[in-house]
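Written out below as structure tokens is the structure these notes cover.
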Amino acid sequence: MSQAIGKTALAYARVWHLVDAKQRVLGRMSVGIAETLMGKHKPIYDPASDCGDYVVVINAKAVKTTGTKAQDKLYRSHSGYPGGLKETTFENMMEKNPDAIIRKAVSGMLPKNRLREPRLGRLFVFEGEEHPYEQNIIKRYDALGKETLLDPSKVEA
């Protein structure tokens, strides 16, 4: 009798999810993305294995925050040299690099271990509606965070 029931290649198959960030709250959306990248939605989830799915986020420029975070939130980076601290506000970051906002939020919600970088490698963030992964998308998340299956024929039985 096999000991690997449920841990087969089919169980570890990665699905592509599409998330529309238009008018979605950054933190709540990032929690769902992080859980999908980790694979917590799968029954075979194991913290030590990388069983998460791919996530494509569109309309990153239209993401919103609650309260006064748009004016107050600061993103800090340091060059390592004395006086090398650089601070960027949320509004400036939204103009220059809106996909970095979502990437940093999701990165902060992933466990800090050796699986973090491979998981972030499966996150693709785009400013507008267009993206090159249209053929791969199987599941789409609506504004309430509910997932809907786009094309059942793409899922292997």
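Keep in mind it's a predicted model, so treat the numbers as computed, not measured. The figures that follow rest on heavy atoms only: side chains count, while hydrogens, waters and symmetry mates do not.
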Apply the side chain to side chain contact (heavy atoms under 4.5 Å, CB included) test between Val55 and each candidate in Leu18, Val15, Val125, Ile33; give the one that qualifies.
-> Ile33
Would you call [X] and [Y] a side-chain contact if the rule is heavy atoms closer than 4.5 Å?
| X | Y | answer |
| --- | --- | --- |
| Arg24 | Asn59 | no |
| Met38 | Leu115 | no |
| Lys64 | Val25 | yes |
| Val63 | Met29 | yes |
| Met93 | Lys104 | yes |
| Phe90 | Leu26 | yes |
| Glu129 | Lys22 | yes |
| Lys86 | Ser79 | no |

Write down the atom of [X], the atom of [Y], and the distance for their closest heavy-atom approach.
| X | Y | answer |
| --- | --- | --- |
| Arg14 | Cys51 | NH1-C, 3.8 Å |
| Lys61 | Pro98 | CG-CG, 3.7 Å |
| Val57 | Leu123 | CG2-CD1, 3.9 Å |
| Ala60 | Ile102 | CB-CD1, 3.7 Å |
| His131 | Ile137 | CE1-CG1, 4.0 Å |

Rounding to 0.5 Å, atoms CG (Asp99) and CE (Met94) come to a distance of 10.5 Å
Please round to the nearest 0.5 Å and tell me the distance separating atom CZ of Arg140 and atom CD1 of Ile58.
-> 5.5 Å
Heavy-atom count around Lys112 NZ within 6.0 Å, excluding the residue itself: above 12?
-> yes
Are Tyr75 and Leu110 grouped together when hydrophobic residues (ILVMFWY) are joined by side-chain heavy atoms under 4.5 angstrom apart?
-> yes
Determine whether Leu37 and Tyr45 fall in the same hydrophobic cluster, where Ile, Leu, Val, Met, Phe, Trp and Tyr are linked whenever their side-chain heavy atoms lie under 4.5 Å apart.
-> yes
Looking just at side-chain N and O atoms, do Asn92 and Thr88 make a donor-acceptor pair shorter than 3.5 Å?
-> no
Salt bridge (Lys or Arg N to Asp or Glu O under 4.0 Å) with Asp53: of Arg119, Arg122, Lys42, Lys40, only one passes, and it is Lys42
Using the six-membered ring wherever Trp is involved, compare the ring planes of Trp16 and Tyr54 and label them parallel, tilted or perpendicular (cut-offs 30° and 60°).
-> parallel
